Amino acid sequence: MEINKKYHLRKTCRICGKENLAKVLDLGEMPPANSFIKKEDLDLPEDKFPLVVYFCRDCSLLQVLDIVNPNILFQDYDYLTSASKPLAFHFVEMAHLLKKQFIVSEDELMIEIGGNDGTLLEAAKNECRVLNIDPAANIAKISKEKGIPTINEFFTEEIAKDVLAKFGSAKVIVANNVMAHIDDLHDVFRGIKLLIGKSGTFVFEVHWVGNLVTEGGFDQIYHEHLCYHSLLALQNLVSQFSLQIFDIETVPIHGESMRVFVGDKDMFPVTERVKAFTEREKKLGLDHEETFFEFANRVEGNKKELVSLLSQIKKDGKRICGYGAPAKGNTLLNYFGIGSDVLDFLTDTTPMKQGLFSPGMHIPVLTPDVLEKDPPNYILLLAWNYAEAILKK
Ligand code: TMP
Ligand code: ZN
C-alpha cells in the first residue's frame, strides 16, 4: 500500500485470489477501533472508513476488504498484552508448552510475530534464543527493555530473509492474534516457509469464526481484523506453500480461539483432532454462505434488544457505565449507536487508554478505581471475553 494512502478497497479473496464473494454484513462507516482520542482533539474531524464483511464462496474465508493503512492501525498501538492478566497468564503457559514440545537445545530459535510487549518470549528466553518482530514502535520499546531482541517491523518475506541471514532458521514461530490482521497472507507464509524450513513449526492462535457465528459476537469485526478464520479456509491457504496443518486445539481466548500447528507437508503426522475439527466446522455450515446471512440477521435482532434494554434503564433514571474499552467495544457502541448519553464512562486497565475518549462515540475512559469511588447502577461488560476474571473483581 502507498505509504500515505489511508484506505483502499480490495477486490479479491486474500486466500484463493478469486472474486466469488458474498456480501454478508455492512457495518457502515467506522473509525478505527483503537483510535482513542485525546481531550484536546475531540473537536477535530475523525477518520472513518467503510467496514463490510464478505464470505468467499470458493475457499470459505470470511473477510473484510476495507483496508486501512496498517501504519495507521499498528504503529502506535494502544493494546498491551500485559494489561489483561488472564491473557498474559495464558501466553506464559503457552511459552512453557512450546519449550517442552519443540525446544531441545539452547541455540534453537523461537520467533514471535507481533509479540507485543514480550510477555510470551520473556517466559522462554532463558531456555532458547528468542526474537520478537512487532510493528508498534511504542510496544517494541517495552519488549526491548525486557531484554528481548526485537525488530520493530511488520513481518514480511523481506524481513524473513534478513532474519534468516542474521539469526538462522527458526525451530518455532509463534503468532498469536496476528493472523486476522494480515492482508498479504501469501507474503507472510512465504516468509514463514523460509524460516521454518523442513523441521520447524509455526504455531498460531487466532479467534475462530465458528465462535463468532454461534455466539453472535459481531463486535470482533473491526478494521484490524481482516480475516475471520476457519480451519477449512486455513487448510486451503497453507497447502499453497507445501505446508500442512498437523494439529489443532481450541483455547478459551476471545470466546473460543484455534491454536493451529503448521509444518512441512511431509514431516509431521496429522492428528485425528484435525479431521474431527474439520467435521465440526462442516456441521456448523462454515463452508456455506447461508450460515453467515443468519448470523447477520441475529446481529440486527441483538441490536434492537440491547438498545431497548439500555433505554429502559435510562428511563428509570439509573446510571450505566461500560467495563473495558476493548476495540470490540467500539464496534458495538458505534454500530448500535450507544453514546455518552447512555454510558457515563468506560473503565480500562490499559494505562495508554486512560484519560482518552472512545473513537466515534467519545465516551471518556477512566481508571477502574472510579467504580468503587462512584459506583454506577449498571455495568455493561464490553470486555466480555474476560467475564470470569472481571466478575470476580
Ligand atoms: P481484548 O478483549 O481485545 O483483549 O481487550 C480487553 C480490554 O479490556 C483491554 O483494553 C484491557 C481491558 N481489561 C480491563 O479493563 N480489565 C480487566 O480485568 C481485563 C481482563 C481487561
Ligand atoms: Zn477465497
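Numbers here are sequence positions counted from 1. Each ligand, and each atom within it, is numbered from 1 in the order the structure gives. Values in this document were obtained by computation on a predicted structure and should not be read as measured data.
Scanning the protein for heavy atoms near atom 12 (C) of ligand 1, the closest one is Asp348 OD2, 3.2 Å. Counting protein heavy atoms only, atom 15 (O) of ligand 1 is closest to Thr349 N, 2.9 Å.
Atom numbering of ligand 1 starts at 1 in the shown order; those under 4.0 Å from a heavy atom of Lys393 are 16 (N), 17 (C), 18 (O). Of all atoms in ligand 1, listed by their number and element, those nearer than 4.0 Å to a heavy atom of Pro86 are 20 (C). In the vicinity of Lys328, heavy-atom distances shorter than 4.0 Å reach the ligand 1 atoms 1 (P), 2 (O), 3 (O). Residue Thr350 has at least one heavy-atom neighbour below 4.0 Å for each of these atoms of ligand 1: 9 (C), 10 (O), 11 (C). Within ligand 1, counting atoms from 1 as listed, the ones closer than 4.0 Å to a heavy atom of Asn385 are 1 (P), 2 (O), 4 (O). Near Ala383, with a cut-off below 4.0 Å to any heavy atom, the atoms of ligand 1 are 8 (O). Less than 4.0 angstrom separates some heavy atom of His254 from each of these atoms of ligand 1: 4 (O).
Annotation: Lys353 places an N or O atom under 3.5 Å from an N or O atom of ligand 1; distance criterion only. Between Tyr79 and ligand 1, an N or O atom pair is found at a separation short of 3.5 Å.
With a cut-off of 2.8 Å, the protein N/O/S atoms near the Zn ion (ligand 2) add up to 4.
Heavy-atom distances between Ala389 and ligand 1 stay at or above 4.0 Å for every pair. For the ligand labelled ligand 1, residue Ala327 lies outside the 4.0 Å heavy-atom shell.
By the 6.0 Å contact criterion, CD on Glu272 is open, its count of non-hydrogen atoms from other residues, nucleotides or ligands being 12 or less.
Ion pairing between a basic and an acidic side chain is recognised when a charged N comes within 4.0 Å of a carboxylate O; Lys141 and Glu145 show such pairing. For the pair Arg280 and Glu256, the salt-bridge criterion is met [side-chain N within less than 4.0 Å of a carboxylate O]. With respect to Asp287 and Lys282, no salt bridge is recorded, no charged nitrogen being found less than 4.0 Å from a carboxylate O. Using a 4.0 Å cut-off between a side-chain N of Lys or Arg and a carboxylate O of Asp or Glu, Glu289 and Arg57 qualify as a salt bridge.
For Phe336 and Phe218, the ring centers are positioned less than 6.0 Å apart. Here Phe55 and Phe293 keep their ring centres 6.0 angstrom or further from each other. Aromatic ring centres of His225 and Tyr222 lie closer together than 6.0 Å. A centroid separation of 6.0 Å or more is found between the aromatic rings of Phe292 and Phe295.
For the residue pair Gln75 / Asn71, a side-chain donor-acceptor distance below 3.5 Å is found, with atom types taken as modelled.
Ring-plane geometry between Phe49 and Tyr7 is classed as parallel, the angle between the planes falling under 30 degrees on a 0 to 90 degree scale with a further cut at 60.
To the nearest 0.5 Å, the span separating CE on Met361 from CG on Asp341 amounts to 8.5 Å.
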